[in-house]
Amino acid sequence: MTNHSASLFSIATGSSEPIYRQLVEQARRLIAGGQLAPGDAMPSVRDIAQALALNPMTVSKAYGMLEMEHLLTRRRGLGMVVADAPQQSHSVATRAELLRPTLKRAALEARQLELDPETVLALFAKIMKEKS
Amino acid sequence: MNAPIIELSSVSKHFGNQQVLSGLDWAIAPGQVVGLLGRNGAGKSTLIECLLGLRETDHGSVTIYGEDVNNLSDAVRARIGYVPQKSDLFQWMTPRQLLDYFKALYPRWNDAKVKGLLARWGFDQDKCGKAISKLSGGEMQRLSIIRALAHDPSLLILDEPVAALDPVGRRDFLRELIDGVIERDTTVVFSTHILSDLERVALDVAFLKDGKIALQGALDELMEHARRVVGPSALMAGMRFGGELRRHDGRDGITQLITRGAGADLQALAARESSVRIEPMTLEDLFVEVTQ
């Protein structure tokens with residue numbers, strides 16, 4: 001069990017994605033990818049609000065949604081912790097589904113550039129193999 | 001819904017032959033954190049000054065905590081904090097004198113908070129004893145903010161509070177706003193041009209245009225549902241969408257429209273017609289579309 005700090009999250013202003021949604025998506029990805037493991041303590045709303053200079057209500061809203069999705073759970077005295085995940089939530093299909101919004105945006109741009117799927121997929125495969 | 005803290009109804013104000021506010025209605029509920037947006041010269045400062053009773057209106061009424069703004073009780077006055085866009089007053093005083101002067105005017109004054117803010121925001125002994133006229137623009141603005149926060153107001157009104165601050169100063173200010181103000185359920189109204197700051201702290205936004213509040217709503221909802229729809233005019237002409245804010249028929253036969261209520265009908269249309277494109281919008285996009 002790890003105690004995570006607020007540096008877990010980062011947000012971008014000037015995006016068409018509301019900030020609470022950015023936080024939700026990041027937490028989903030971190031949980032699906034295993035960086036956030038069941039039982040891990042999440043940073044407090046106040047810590048995140050201070051670290052990212054955000055309205056605490058925005059952070060609460062994100063935590064509330066993650067709680068509703070059973071990804072986080074409230075533990076007395078501990079605040080929010082990562083929920084014990086059902087096994088299938090880590091399936092390839094579930095994790096791949098999380099990539100859909102990003103890929104949809106890429107697909108839109110690809111169509112605007114009049115690129116065919118083969119070219120795009122080849123490029124994507126190449127990028128995947130690059131060390132970031 | 002709680003009774004509004006601030007209520008403006010059919011407020012009008014003109015200067016010379018220029019109508020700045022024309023029949024403006026606006027209500028602000030307790031605990032709201034509202035960002036007021038509008039182009040340069042749209043009348044944001046005038047609106048804020050009328051709202052506080054600092055400027056007489058031509059028509060209409062303004063109430064704060066249920067009291068007529070031209071006749072506020074001392075108790076209500078003591079609950080309001082105001083940071084003007086630019087303050088040329090008290091230039092001969094030192095920050096120390098200014099704060100002592102205001103302290104005497106308010107029944108409640110948070111000395112510990114003032115001390116903490118002065119220390120954190122770079123007002124050392126030396127600077128506290130310097131004439132305000134010798135301070136930089138950013139320092140004057142910080143002092144103005146400290147003065148407005150010192151009596152723990154339950155309603156805080158800020159007119160371009162960060163305009164003179166650098167990014168570090170702005171971040172310090174946002175953190176103070178989050179920690180010392182928003183967490184205490186203070187109602188906050190602030191005008192700004194810096195959309196990134198607004199996105200961080202405002203839960204609601206209001207756009208001032210043509211002397212009226214042209215659009216107001218929860219920031220998250222606006223961002224989630226606002227869309228730009230682009231398609232052939234021939235196809236779009238007969239179509240009406242819920243929440244349409246703007247429609248522009250281009251000479252090139254392309255229609256662009258902005259809606260705040262993109263729903264299933266729009267998704268279905270885009271799926272059916274490959275010539276119709278639906279794009280999400282940023283706050284900046286929305287600002288441009290709503291205020292131009």
Side-chain angles (χ1 to χ4, degrees), chain A residues 5-7 9-28 43-69 79 99-117, chain B residues 31-35 162 167-186 188 190 192 194-205 217-228 230 262 267 270 274-275 277-287:
Chain A
S5 79
S7 60
F9 293 102
S10 67
I11 58 111
T13 54
S15 157
S16 61
E17 196 176 25
I19 289 172
Y20 86 91
R21 252 186 205 291
Q22 296 181 27
L23 296 174
V24 167
E25 293 297 330
Q26 274 171 38
R28 274 193 199 134
S44 72
V45 166
R46 195 168 179 281
D47 284 350
I48 298 176
Q50 273 294 313
L52 301 181
L54 293 179
N55 191 316
M57 293 281 286
T58 303
V59 184
S60 291
K61 189 170 172 180
Y63 270 14
M65 280 192 67
L66 290 162
E67 202 183 358
M68 259 178 6
E69 292 177 17
L99 208 54
R100 181 179 285 276
T102 309
L103 290 182
K104 263 183 107 165
R105 280 197 294 275
L108 174 69
E109 287 183 30
R111 278 197 295 273
Q112 286 166 349
L113 292 165
E114 300 184 341
L115 295 171
D116 57 73
Chain B
Q32 272 196 306
V33 181
V34 188
V162 294
V168 177
R170 276 167 36 213
R171 201 50 75 87
D172 287 345
F173 165 69
L174 289 182
R175 294 223 160 87
E176 191 52 43
L177 205 58
I178 288 158
D179 217 23
V181 179
I182 293 172
E183 283 198 344
R184 294 191 306 111
D185 268 341
T186 309
V188 184
F190 68 104
T192 182
I194 302 177
L195 299 180
S196 61
D197 289 350
L198 184 139
E199 280 184 64
R200 288 173 184 279
V201 296
L203 298 178
D204 290 273
V205 284
L219 179 59
D220 286 343
E221 275 169 40
L222 281 176
M223 305 271 290
E224 268 173 341
H225 300 298
R227 293 286 184 279
R228 176 186 282 119
V230 186
Q267 297 302 334
S274 61
S275 56
R277 209 167 69 234
I278 300 177
E279 298 166 350
M281 297 176 76
T282 65
L283 182 59
E284 192 171 304
D285 295 333
L286 203 58
F287 179 93

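- The structure places CG of Leu52(A) at 12.0 Å from CG of Leu174(B), a figure rounded to the nearest 0.5 Å.
- A 6.0 Å sphere centred on CE of Met65(A) holds more than 12 heavy atoms belonging to other residues, nucleotides or ligands.
- Of all the heavy atoms in Ile178(B) and Pro56(A), the pair that sits closest is CG2-CD, 3.8 Å.
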Which donor-acceptor pairs fall under 3.5 Å between chain A and chain B:
from	atom 1	to	atom 2	distance (Å)
Gly14(A)	N	Glu199(B)	OE1	3.4
Gly14(A)	N	Glu199(B)	OE2	2.9
Tyr20(A)	OH	Glu224(B)	OE1	3.2
Tyr20(A)	OH	Glu224(B)	OE2	2.4
Arg21(A)	NE	Glu224(B)	OE2	2.4
Arg21(A)	NH2	Glu224(B)	OE2	3.1
Arg46(A)	NE	Glu183(B)	OE1	3.3
Arg46(A)	NH2	Asp179(B)	OD1	2.7
Arg46(A)	NH2	Asp179(B)	OD2	3.3
Gln50(A)	O	Arg175(B)	NE	2.4
Gln50(A)	O	Arg175(B)	NH2	3.2
Gln50(A)	NE2	Arg175(B)	O	3.3
Ala51(A)	O	Arg175(B)	NH2	3.0
Leu52(A)	O	Arg200(B)	NH1	2.4
Asn55(A)	N	Arg200(B)	O	2.8
Asn55(A)	ND2	Val201(B)	O	2.8
Lys61(A)	NZ	Asp220(B)	OD2	2.8

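- With chain A as partner, the option from Val33(B), Leu177(B), Leu286(B), Leu203(B) having the largest number of non-hydrogen pairs under 4.5 angstrom is Leu203(B).
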